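None of the values given here were measured: they were computed from a predicted structure. By convention in this document, chain letters (A, B, ...) are assigned in the order of the sequence lines, proteins followed by strands, and residues within each chain are numbered from 1.
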There are 2 protein chains.
Amino acid sequence: MATSFAEENYLKIIYRLSESTLEDISTNAVAELTQTKAASVTDMLRKLAEKGWVNYQKYQGVRLTDEGEKIALSVVRKHRLWEVFLVDKMGFNWDEVHEIAEQLEHIESEALINKLDEFLDFPKTDPHGDPIPNKEGILPELSYMHLSDLKENKACVLMGVAKDSAVFLQLLTRLHLSLGAKLMVKEINPFDRSISVSINDSEPVFISHEVAKNILIKIV
Amino acid sequence: MATSFAEENYLKIIYRLSESTLEDISTNAVAELTQTKAASVTDMLRKLAEKGWVNYQKYQGVRLTDEGEKIALSVVRKHRLWEVFLVDKMGFNWDEVHEIAEQLEHIESEALINKLDEFLDFPKTDPHGDPIPNKEGILPELSYMHLSDLKENKACVLMGVAKDSAVFLQLLTRLHLSLGAKLMVKEINPFDRSISVSINDSEPVFISHEVAKNILIKIV
DNA sequence: AATATTTTTTAGTCAAGACTAAAAATTTAT
DNA sequence: ATAAATTTTTAGTCTTGACTAAAAAATATT
Ligand SMILES: [Mn+2]
Ligand SMILES: [Mn+2]
Ligand SMILES: [Mn+2]
Ligand SMILES: [Mn+2]
């Protein structure tokens, strides 16, 4: 069955919301991310349920069916592969690619996306460190910590971000915090939980707890 | 002003029809290429005229305004650049790219299309030999002959096709007729105007007039 | 337990872009 | 110059995906 852009966007957003909770997803949560109103979401949820892509009961929230998740994963796969393309091949910065990928993720061609995957050398993660499902829809297992949870004087590598708004990414770039950077927390201030971090062995810089919370790392 | 997919498709098709005639374009001609009905076209022509992209008077046919042509050329540019990408970088055959480019041509990002242009080394023509407008909307001048108009025993090179339906392109491929092939007409049969052509100096093969008419060449 | 607040759904509208059937205008043929 | 055929437009309808305002259900507060 063919899926419209709107349907794909909804499924992807329900998927993303499901990643961080086991509970059913609320109408309002979906409305916020789709940038629509709750009433519009209710309408769409009924349609998606009708097509067998979500389980939905009035007032009970929504959850993807296996088939719905499969579609969502394929959209996520396309989104993230196109992001890799935009950064690695087109030379965009990591804060510039989201909107374009938001469009490209709806291009309908299995053949194209698999050739693109190959062209990019089967990347495991996108420019924000998010995992890319393979063509079977299997996500590589990545277990990252938040920089905010790291003890002092432990070496680690920046592996991803937990938020990909342009302003956040631009801030990181200004601080020379990019994927692969070697980090070490030098000091944790109990007052506001801000930290001072050395990036690639240079002089430590200050980072708010809010920022540290959204930086994903791997201990080396 | 933002342009919808539908509007872009209409403008592109009106542009394509205008290339081969100086007359105004008829409602039916547009309907045929957009795969819609004449009534739907009439509706859309009114909207396009409203936006200042076409000149349209009831029963008089339609013609692009300068602004409309600018939009059409940008869609054509995107379509053809994506086709080059699909063939040169993704490894598709020339008969497989049209539908995908039909979608990709609507991706909205000046920055992306200009980076893509550079990535592809500023190609002058697409995989079917059609000229690619530059970012200012200027088309390179290409003056090709039809193979059907060529005299016997004149060497030439296949530069493009005047039709890009998949079946036609697949036929050419089977005959080893691809862009850049060296051709020489060995014989013209007055009966049905079919010709016998040597391709890259190999044994001549027979080609119908219909096929020869749609092969574009340059004399060497 | 009753009330207030928040969330979600329903009801009614709207715009875009398609359709069919019928009417009107234009073009072609006699 | 009429009549016939063709093309184009109008009128009315449908689907998708949005909206607002109001009603209903669920949740939180006293
Ligand atoms: Mn999207
Ligand atoms: Mn990403
Ligand atoms: Mn298109
Ligand atoms: Mn082409």
Side-chain angles (χ1 to χ4, degrees), chain A residues 1-15 17-18 21-64 68 71-72 75 102-103 105-106 108, chain B residues 1-14 17-18 21-64 68 71-72 75 99 102-103 105-106 108:
Chain A
M1 199 183 296
T3 50
S4 69
F5 284 24
E7 289 166 341
E8 291 188 348
N9 286 334
Y10 274 95
L11 292 173
K12 187 187 63 175
I13 274 160
I14 297 167
Y15 173 81
L17 289 166
S18 306
T21 176
L22 294 166
E23 321 247 307
D24 290 2
I25 306 307
S26 75
T27 300
N28 264 353
V30 176
E32 192 168 345
L33 291 202
T34 49
Q35 315 239 58
T36 61
K37 297 301 162 75
S40 310
V41 173
T42 300
D43 272 2
M44 182 57 93
L45 294 185
R46 279 204 297 102
K47 288 177 200 163
L48 296 176
E50 187 61 42
K51 299 201 177 191
W53 296 334
V54 299
N55 289 123
Y56 165 67
Q57 310 251 77
K58 274 194 202 186
Y59 296 104
Q60 308 259 110
V62 69
R63 193 185 284 271
L64 293 174
I71 298 169
V75 178
E102 203 57 45
Q103 301 174 59
E105 72 190 359
H106 305 293
E108 200 177 294
Chain B
M1 200 183 299
T3 49
S4 68
F5 284 24
E7 288 166 341
E8 290 187 350
N9 285 334
Y10 274 95
L11 291 173
K12 187 187 63 174
I13 275 161
I14 297 166
L17 288 165
S18 305
T21 175
L22 294 165
E23 321 247 307
D24 290 0
I25 307 306
S26 75
T27 300
N28 264 353
V30 176
E32 191 167 348
L33 290 204
T34 49
Q35 316 238 59
T36 61
K37 297 300 162 75
S40 311
V41 173
T42 300
D43 273 2
M44 182 56 93
L45 295 185
R46 280 203 297 102
K47 290 176 200 164
L48 296 176
E50 187 61 41
K51 301 202 177 192
W53 297 333
V54 300
N55 288 123
Y56 165 67
Q57 312 251 76
K58 276 194 204 185
Y59 296 104
Q60 308 258 111
V62 70
R63 192 184 285 270
L64 293 175
I71 298 170
V75 178
E99 282 207 15
E102 203 57 46
Q103 301 175 59
E105 71 191 358
H106 305 293
E108 200 177 291

d([atom1], [X]; [atom2], [N]) in whole Å:
X: B/M1; N: C/dA16; atom1: CE; atom2: P; answer: 12 Å
X: B/L48; N: C/dA18; atom1: CG; atom2: P; answer: 11 Å
X: B/E50; N: C/dG17; atom1: CD; atom2: C1'; answer: 16 Å

List for me each residue that meets side-chain hydrogen bond (donor to acceptor under 3.5 Å, both in side chains) alongside [X], sequence neighbours excluded, and say none if there are none.
X: A/E8; answer: A/T3, A/H106
X: B/E105; answer: B/K12, B/H79
X: A/S26; answer: none

Find the bend of the helix from C/dA1-D/dT30 to C/dT30-D/dA1 as the angle between its two terminal axes (five pairs each), to the nearest 10°. 0°
Closest non-hydrogen atoms of B/A72 and B/L64, given as atom of the first, atom of the second and distance, are CB-CD1, 4.1 Å
Grab the two heavy atoms, one from B/I25 and one from B/V30, that are nearest each other, plus how far apart they are. CG2-CG2, 3.7 Å
N/O donor-acceptor pairs under 3.5 Å from side chains in residues 37-61 of chain A, not counting sequence neighbours:
unit_1	atom_1	unit_2	atom_2	d
A/T42	OG1	A/A38	O	3.2
A/K51	NZ	A/E7	OE2	2.9
A/W53	NE1	A/E67	OE2	3.4

Given protein heavy atoms under 4.0 Å, the one-letter contact record of nucleotides 8-23 of chain D, with B base, S sugar-phosphate only and - none, is simply BBB------BSBB---
With B/E23 via salt bridge (Lys or Arg N to Asp or Glu O under 4.0 Å) - residues at least two apart: none
Does the B/R63 side chain pair with the main chain of B/I14, one donor and one acceptor, at a distance under 3.5 Å? no
